[in-house]
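Here the structure is a predicted model, which is why all the values come from computation and not from measurement.
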Amino acid sequence: MRKLWTQREVIEIANFLHVQREKFNNNSLNYWRDKGVFPDPVNAEKGMYSWYRTDDVIAGILSVAMRTRPPVKITQEDVEMAMKRVLESNKSKYISKMLGK
């Protein structure tokens with residue numbers, strides 16, 4: 001599995017797991033990051049990709065799922081399965097090709 005994930009892929013993973021009642025989007029991610037629930041990206045330059053480590057993504061999504069109303073019951077295995085599903089999408093294949101993986 002990849003070591004880094006883009007912000008768009010993190011959002012796709014969260015939506016795949018139905019972490020929130022509404023769609024999980026950039027505003028949701030920013031909200032949880034500002035509250036200190038979701039970890040900060042490895043690098044975040046304006047106009048560039050924001051990259052997150054695999055461990056940070058897993059921990060962040062599990063933390064967000066526990067704090068939503070009603071809490072979503074997911075495990076680390078569920079998040080890893082969602083990551084594999086997102087890797088199969090066309091957008092992720094482009095990112096993987098760009099990373100040279």
Euclidean distance, W5 CH2 relative to E12 CD, rounded to 0.5 Å: 10.0 Å
Would you give the length of the straight line joining atom CG of D78 to atom CD1 of I58, rounded to the nearest 0.5 angstrom? 11.5 Å
Counting only heavy atoms not in R53, do more than 12 sit closer than 6.0 Å to its CZ atom? no
Report the distance from atom CG of L17 to atom CG of L62, rounding to the nearest 0.5 Å. 9.0 Å
Test of understanding: with side-chain hydrogen bond (donor to acceptor under 3.5 Å, both in side chains), list the residues that count as partners of N15, not counting sequence neighbours. none
Closest approach of Q7 to N26 (non-hydrogen atoms, all atoms of both residues): NE2-OD1, 3.0 Å
Nearest non-hydrogen partners of V19 and V72, listed with the distance: O-CG2, 3.3 Å
Heavy-atom side-chain proximity of F16 to F24 below 4.5 angstrom: no
Could you grab the distance from atom CH2 of W51 to atom CG of N43, nearest 0.5 Å is fine? 8.5 Å
Taking atom CE of M81 and atom OG1 of T75, what is their separation to the nearest 0.5 Å? 8.5 Å
Just how far is it from atom CG of D56 to atom CG of L4, taken to the nearest 0.5 Å? 10.0 Å
Checking salt bridge (Lys or Arg N to Asp or Glu O under 4.0 Å) for the pair E9/R2: CA distance, chi angles, key distance, verdict? CA-CA 12 Å; E9 290 170 331; R2 288 201 330 227; 2.3 Å; yes
What one should report as the nearest heavy-atom pair of G60 and P39 is CA-CD, 3.8 Å
Just list the side-chain donor-acceptor pairs under 3.5 Å for residues 63-71, sequence neighbours left out, or say none.
| from | atom 1 | to | atom 2 | distance (Å) |
| --- | --- | --- | --- | --- |
| S63 | OG | A59 | O | 2.9 |
| R67 | NH1 | S63 | O | 3.1 |
| T68 | OG1 | A65 | O | 3.1 |
| T68 | OG1 | P70 | O | 3.3 |

Contacts of N25 meeting side-chain contact (heavy atoms from CB on, under 4.5 Å) (sequence neighbours excluded), chain-then-number -> N27, S28
Side chain to side chain contact (heavy atoms under 4.5 Å, CB included) for M83 and T54? Distances and angles first, verdict last. CA-CA 9 Å; M83 288 176 150; T54 300; 4.0 Å; yes
Centroid separation under 6.0 Å, is that true for the rings of F38 and Y31? no
